[in-house]
Structures are given as C-alpha cells and as structure tokens.
Protein chains: 2
Amino acid sequence: MQEEKEHIQFELTDELIEQVEVLIEEKNDKELNTLFSEFHYADIAEVLDELDLEDATYVIKLLDSETTSDVLMELDEDNREKILRNLSAKEIADEIEELDTDDAADIIAELPEERQAEVISQIEDQEHKAEIEELLAYDEDTAGGLMAKELVKVYETWTVAGCLRRIRGQAKEVTRVHSIYVVNKQDKLIGRLSLKDLIVAKSDQKIADISNSSVDWVHVQDDVEDVARVMAKYDLEAIPVVDDNQTLLGRITIDDIVDVLKEEADKDYQLAAGISQDVDSDDSVWKLTRARIPWLFLGLVGGVGAFLIMEGFHEAFSKYAILFFFTPLIAAMAGNVGVQSSAIIVQGLANDDIKGSINSRLMKEMLLAALNGVILAIFLFLFVWATQQDAATAFAISISLVVVIIVAGLIGTFVPLFLDKRGIDPAIATGPFITTSNDIFGILIYFTIAKLILGI
Amino acid sequence: MQEEKEHIQFELTDELIEQVEVLIEEKNDKELNTLFSEFHYADIAEVLDELDLEDATYVIKLLDSETTSDVLMELDEDNREKILRNLSAKEIADEIEELDTDDAADIIAELPEERQAEVISQIEDQEHKAEIEELLAYDEDTAGGLMAKELVKVYETWTVAGCLRRIRGQAKEVTRVHSIYVVNKQDKLIGRLSLKDLIVAKSDQKIADISNSSVDWVHVQDDVEDVARVMAKYDLEAIPVVDDNQTLLGRITIDDIVDVLKEEADKDYQLAAGISQDVDSDDSVWKLTRARIPWLFLGLVGGVGAFLIMEGFHEAFSKYAILFFFTPLIAAMAGNVGVQSSAIIVQGLANDDIKGSINSRLMKEMLLAALNGVILAIFLFLFVWATQQDAATAFAISISLVVVIIVAGLIGTFVPLFLDKRGIDPAIATGPFITTSNDIFGILIYFTIAKLILGI
C-alpha cells in the first residue's frame, strides 16, 4: 500500500509552527519537504495561514506545483492574495496548470485585471487555457462560474467494454467520477450512468441500454443558490451544466456546493448582526471597522430619531416621568420581536418553505404577536401596578406593549417578504435594520398611546 | 434508455395539488400511480406536505414501499410524525425494510417509545433488524447516530478481478459507492480505494498493492459537528466510522452532512434571533409562541432592570431631562455592537478559525470598539452641541457612548469565548442574551458617567 500519514491525526500546535519557522530560517529544504510530504494540502494551508508572508511564500515556492496548487485553494483568501502578489506570472501559471479548471478560473479571477492577461498568456497547455478562458466569461454567482470542465462523458453508441477501455484515459483527469454523462453525436446531454452501473453490466451491452435518460441538469446561467438547493433536495453529488441547446458544458460537484452553503450561511448570519462585508475575526482593525460601522451609523441615526420623538413629548415629564423610564423596555421588546419574526421568514425563504399568500402569513403573525404581547403585558401590568399603585399608567404602558409587539411582528414579517418579492436579498431586513426601525416605531406608538390614554 | 421525467422540471403548482386531491377523492388509484411514477421522491414529498393528513396517508398507503420509504424521509418532520401515527406497526416495518439503515434508525427513533419495540419486532429481515438495533444504541449527535451500515468492503488479500466479481453483489445494496474500504482478516479498517482505481488497474493485481493506506476515519463517538468539519475540510464525500479497535462499523455520506450543516446554520441563526426551538413559519401559533416567548421574557426582565436603573437616577430629571431622551440611543448602540462582536466570534468558532489567546482578541476588540466608538461619538457630540448649545452635556453623552461601545464589544467578544471553553454552545450568547445584558450595562454606565461629569 502507498504509505501516508492519516490526516485525522493532524494537529496545528505552536510547536509545529515553531518547528516550521526554524526549518525555514535554516533553509533546510530537505527536512521541510519531508515534513510537508506527510500532510494533506488542507493541513499545509492551515500551517501557512499561521506563518508570516515571507515564510509562507518560501514554502509555496519550495513545494512542487501539484501540492501547492491545492494548498493555495485552501488558504485564507487574504493570505492567498498576498502570496500571489509575491509570485511571478510564470509561477502562478505553473500552479494554474495543476488545478482543475474551476479552481484555476477562481484563482485568476482573484488577481487584479492587469495581471490576469499576463498569467493566462503564460499557461502552456492550450486546451486548459481555452477552458479557463471560457469559464472566466461567466458570472461568478451562476452555475457557469462554479462549474469545472473536467467530467467523464461517453457516447450512447458505445458498448460497455468499449466504454471501460476509453474512460480509463478520461478518468485519470477527473478526481471524482460520480456520474458518467451520456451524450449524442452533437454532444447534447441525453442521459447518465454510474461507474457502478458499468461494473454490474455485461460487456457487450450498449450504453444506450443501461443508462438512465432522466438526468438532472442546471442551466449555465442559473443562480448558485438555486443549484445548491436542487442538489441538496435531490441528494445529488454532482450535476451537469448545459446551455440552451442542452449541450454539455461542465459539471458542479457537491464539495463546491458545501462551500457555497457555508458562505451563504455565514453571510446571512453576519447581515443579521449588522456586518456588511465578508470579515472574520482575524482581519485588520481597519477592515473590521469598515464592515461594522455602516450599520452602527444607522443605529446612531435611529437613536437620534428616538431622541427627537421623546423630546417632542417632554411636556409629559413632570407628571409622567415614569413613561420615559420604560422606553428602553418598549424599544427592546420591539427590537426582539422584530428580529424573531424576520429571522423565521428569512430562514423560510432560504429553505424555500414559504408558499402561500403574504396576507395569511401577516394574519398569523398578528395573532402570534397579539398572544405573546398579551402574555408579556399582563406581567408588566402587574409589575407597574404593584410598584406605582397607578392603574391608569400601568394600563397605558401595558396596552402600548401589546400594540408595539404586534406592529413590530408585522414589520418583521412583512419587510423581508416584500424585499424578496422585489428580488432584493431579504437578509438585509434582519439585524440593525429591523431593530432600529422597530425602535423608532415602537417609541412613537408608545408615546402616542400613552398620550391618548393619560391625556397628556 | 429507461424513460423518466426530468426532475428539474418539477413545479409545485396549485393546479397540481388540486389534481391530486381530485384523484384521491375519486379513489382513482391507477391515475395516481401513473402520475406519481414520474416524480422524484423529494417532489412527491413536497406534494404530500401540501395535502391534508387523510389525503397524504392515502397516497402513502397506495404507492409501493420502495418509493414511499424515500418519500417519508423527505417529508416535513411534523407531517411525517402524523402520518406514521396513522400507519400500523406492520406497515411501518414494511417501509423500514426498504430504507438504508441510517434512515431506518432515524424513523424508528422518531416514534414514541412504546411503538418502537412493536415496529422493530415486525421487521422480517433479521440482519437488517440487528443493524438497526445497533444504530439505535448510539447518541443521535454522534457519528454512530448519523452513520449507515451499508458500505462496500474488500479484503486486502483479494485480487482486482476477484474484487470486481464479489462487489457486484455488495454494490447492488449500496446507493453510492464512493470509496471501497479495505479491511484485514479481523475486519479492521486499513485502507481505501475508489471504483476508478479498480477500473484503471490490471486484473491480477492484489488489492493491497493498489489501495491507499491513508484513510480518513471518524470515531463512532465523535460529535457530528466535528465530522462535518472534517469532511468539509478534506473535501470528502464519505467517511468510514470505526471503534476503539479500528473495526469498521459503518460510514457517513456527504448528503447527510449537508443536512447537518443546514440544520446547524438554521439553529445558530434562530438562536441569534432569540428562538429557542426548531421552528419554521408553518408551525402552529402555539408552537411558535413556546419557542419565542422565553427570550422575549428575558427581554422584558431586562427592560424592567433598565427601568429600575433610570428610576434610581430620577433626581437628575429636572435639570437634565435630555439624558433620558438619549437612553434608547445608548441602549441601541450597546446592543448593536454586542451583537456584531458576538456574531464574529461565534462564526469564527464554528469555522474553527479562532486560534490564539483570548486576551489578544479582547485587546483587539477593545481597540476596534474604541475606534468605532470615537468615530460615532464625534458625530453625536456635534449633534448634541449644535441642538442643545451645552458642551458639558454633549461631552457627557459622547464619552458615555465611547465607554459603552467598548464595554459592549468586550462583553460580546468575551462571553461566547468563555462559554465555548466551558463546553457550552456559544451561539446562546448572541441575540437577546447579548442585547439585553448590554442594554443594562450600557444604561448603568451611561448614567454613572453622566453623574460623574455633570455632578448630578
């Protein structure tokens, strides 16, 4: 058997990083090669992400292209960008030669435009180059932008024996075979079969007899989120990509979809927290500020709005100062309810669970909010009445709470649905957007109701 | 070719549902069978989720077990529970016979305990029954609870030709072959190879010569989140599960991991919005209330806390009423910053990006929060000064904003890290937990600082 260290046992320790740094300082290439030869490329990438730029670049230049190309794909995006800046166009092209077309296209797309043409011109394998250029033409959020050209295709007229003979060549290129795609003479996708089907069949049968004409496909312009949904729904591991004429153009594999799913989830989660760019805790203070401050600014503006509203009601102060002391409570409840409602809707939209009319959902939310509001208002009423001995004030605050919760729930339900119908990402309407607008509406409604009931 | 309708073209329309309902009413079994025979089981499940319980049960009893077993797995959990209640133990056992062991175990685990033994006793295939009982013994959040017993294993002493011959039988049972696992005489996992490796090899080679001894595995007690992380990191599509002695027990496939990833993301997203159970917008008002009201109650208690703090400072009113009007702003900013900080940390923990000491992260967050706070405070100062012409008050409010933002950021960073180190899900410290505690701290700090500066 080919001996390799088991990946599962890899552990990124400070000792390991020190060991690597020392070896680099000593320029002990032999030891470094031996050390890294035992690691999976994903683990090498983890180590490089912890080294400084100089050391990481040293390792990339040291290891062979077949390994480093895979390592590059696994690096943190920002680190990869810095390392690529340190490589010449020829060195990058050498990495490109080793990569599958989808990864190759991704790497090139990350480069600044001036460098892209230079790198592409240095690619020696002309077929590889042509395929990469084809992929670069597609929008990155579409199936075309996600797919790879590597796949195994067979013609319907072949026999099983002939097929096995011929695909040996094709299969060497393809890392994971999954389904074998069946095409007709015009290269149009007409069916599929699995390696298992091939092995289990008799050698003289024709491909057309053993293949399945029901083959799921996506169109090259389809949104990646729709592709992910289809693959998750039908438990697919790979899906072919076709154009308007059903010509087989490429395929998307499940590992790319897993990445898309994780990125989508991360993005929605960050939007709900009011972070507008793709950041993680290792980014620079400046980059994190740029991502966080826009929504904080929105919150500040909302706070000023709340101030102006409260100032507008300030004549109520002498007699009903207590109303102002309950404002944070009202604002907080409005925010919490709004966030809950919008989270449920946004999640439902992402999972494609939302069917039926908007109106019936709003009715349901109103009922739900009213129920929750009344339960909470009863507790609040008892508290205020017990501590202030003033039933009228207690009543005014409690009734306001119920109304505010109902309105907050309706806003939290309606806004994401509205945005979604207009083709805007509903996840924007979660987090600070909802909390800030609900704070404003909540405080306004609160004082208006209090004014009516208490006659201020 | 076997003719089937292409799944991609399936569309769940009102007309389709009506058509199905009418056919059921007429008890037109022949038409129903023809109609459903064209659909993928995931699509049949979508249709059934829209029918009422009686109609859905009718279809389940009508279609053959091979189809309905897969359909049952794709149904909404609540609908599945209701339908299973309508089936006899024997009918459920018939479905179980058709399912892979992991799905079979999941279905049985969902049944009330009294029914489980009854259904298991009705399973005819004794080997299937034994395997299911083995799986049921594992915790559902572990690799053992997620794995299936179906896999293809070969002995290292076989030849390639002998292997191809023998796995025809095994491969018929296994839906997706992926890696073939190599075991020694004691059934211990020692290597892997792919169907592709088999096809490309010469027929007289021994398995031991062509297989790879570096095989990733997970332990049967490993947490499913760790399994998901490993599979995503190494781009695996299936992973074998072993026990302490490296005995091969089962395998986990990527489609199950995709489901785990989606459920995890949904759960974290809901926790961040203050929803404590697994709900979606189609659940009953009562169920949604039960999931949402605990956190709303926490918010209410927090609001009462804020009230008490403000009441404690009420002598400041006559002279500095304006301080109270800015309370919502301070509370909102504290909440927003806290949510942002905790979201970044929780996401970093989920993606296993958080390395290094807690202290360095807290220092970084303090710097970041100070920077953001000062930027926002400058704007606030200018606004208050311009509208109130009182520099002292403007100063007090602005300084408070900076301090509150720094403290909120530190709380938002520290609490998830602290929980994570104690083995508690850090996602609890997002959403209402953070906003409520930051509201309290924020208001307390605000008035304390104002008192110091303005001498109230």
Side-chain angles (χ1 to χ4, degrees), chain A residues 1-4 6-8 42 168 171 177 191 195-196 200 211-214 216 232-235 254-255 258 265 273-275 280-281 285 288-289 292-293 296 299-300 303 306-307 310-311 317 321 324-329 331-333 336 339-340 343-344 348 353 367-368 371-372 376 432, chain B residues 1-4 7-8 42 168 171 177 191 195-196 200 211-214 216 232-235 254-255 258 265 273-275 280-281 285 288-289 292-293 296 299-300 303 306-307 310-311 317 321 324-329 331-333 336 339-340 343-344 348 353 367-368 371-372 376 432 439:
Chain A
M1 283 191 199
Q2 305 140 39
E3 283 294 324
E4 271 177 48
E6 278 179 6
H7 308 146
I8 293 301
R168 282 196 173 94
V177 179
L195 276 181
K196 194 184 91 162
V200 162
S211 57
N212 196 330
S213 72
S214 165
D216 298 305
K233 179 181 179 188
Y234 296 120
D235 286 336
I254 189 70
D255 53 308
V258 167
I275 300 163
D280 63 65
S281 64
V285 167
L288 283 164
T289 299
R292 292 170 64 165
I293 221 173
L296 290 180
L300 190 75
F307 159 77
M310 289 174 83
E311 212 198 17
F317 242 39
F324 292 83
F325 300 160
F326 275 108
T327 322
L329 183 149
M333 296 314 294
N336 286 343
V339 164
Q340 283 183 345
I344 287 181
D353 279 340
L367 191 60
L368 177 63
L371 178 61
N372 286 352
L376 296 165
Chain B
M1 282 192 199
Q2 306 138 44
E3 284 293 327
E4 272 179 48
H7 309 146
I8 292 304
R168 280 193 173 96
V177 178
L195 275 181
K196 193 184 93 164
V200 164
S211 55
N212 196 331
S213 72
S214 165
D216 298 304
K233 179 181 179 185
Y234 296 120
D235 285 339
I254 188 70
D255 52 308
V258 167
I275 300 164
D280 64 65
S281 63
V285 167
L288 284 163
T289 298
R292 292 170 66 165
I293 221 172
L296 290 180
L300 191 74
F307 160 78
M310 288 173 85
E311 214 199 14
F317 241 38
F324 293 80
F325 300 160
F326 274 108
T327 323
L329 184 147
M333 296 313 293
N336 284 345
V339 164
Q340 283 183 345
I344 286 181
D353 280 340
L367 191 61
L368 178 63
L371 178 62
N372 285 353
L376 296 165
D439 281 357

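In what follows, every heavy atom counts, from backbone to side chain, and hydrogens, waters and symmetry copies are set aside. Per chain, numbering begins at 1; letters A, B, ... match sequence-line order.
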_Among the listed options A:V258, A:T327, A:I275, the residue most often paired with chain B at heavy-atom distances under 4.5 Å_ = A:I275

*Choice from A:A306, A:P328, A:G299 maximising heavy atom contacts with chain B below 4.5 Å*: A:P328

Between [options], who has the most heavy-atom pairs with chain A when the cutoff is under 4.5 Å?
options                        : value
B:M310, B:K233, B:E311, B:R292 : B:R292
B:L371, B:V339, B:L376         : B:L376
B:V285, B:D235, B:N336, B:L367 : B:D235

Which atoms of [X] come close to chain B, meaning under 4.5 Å heavy atom to heavy atom: side chain ones, backbone ones, both, or neither?
X      : value
A:I254 : side chain
A:T289 : both
A:L296 : both

*asked:* Tell me whether the rings of A:F307 and B:F326 are parallel (<30°), tilted (30 to 60°) or perpendicular (>60°).
replied: parallel

_What part of B:N372 gets within 4.5 angstrom of chain A, counting heavy atoms only: side chain, backbone, both, or neither?_
both

*If you look at every heavy atom in B:G303 and A:L329, which pair is closest and at what distance?*
C-CD1, 3.4 Å

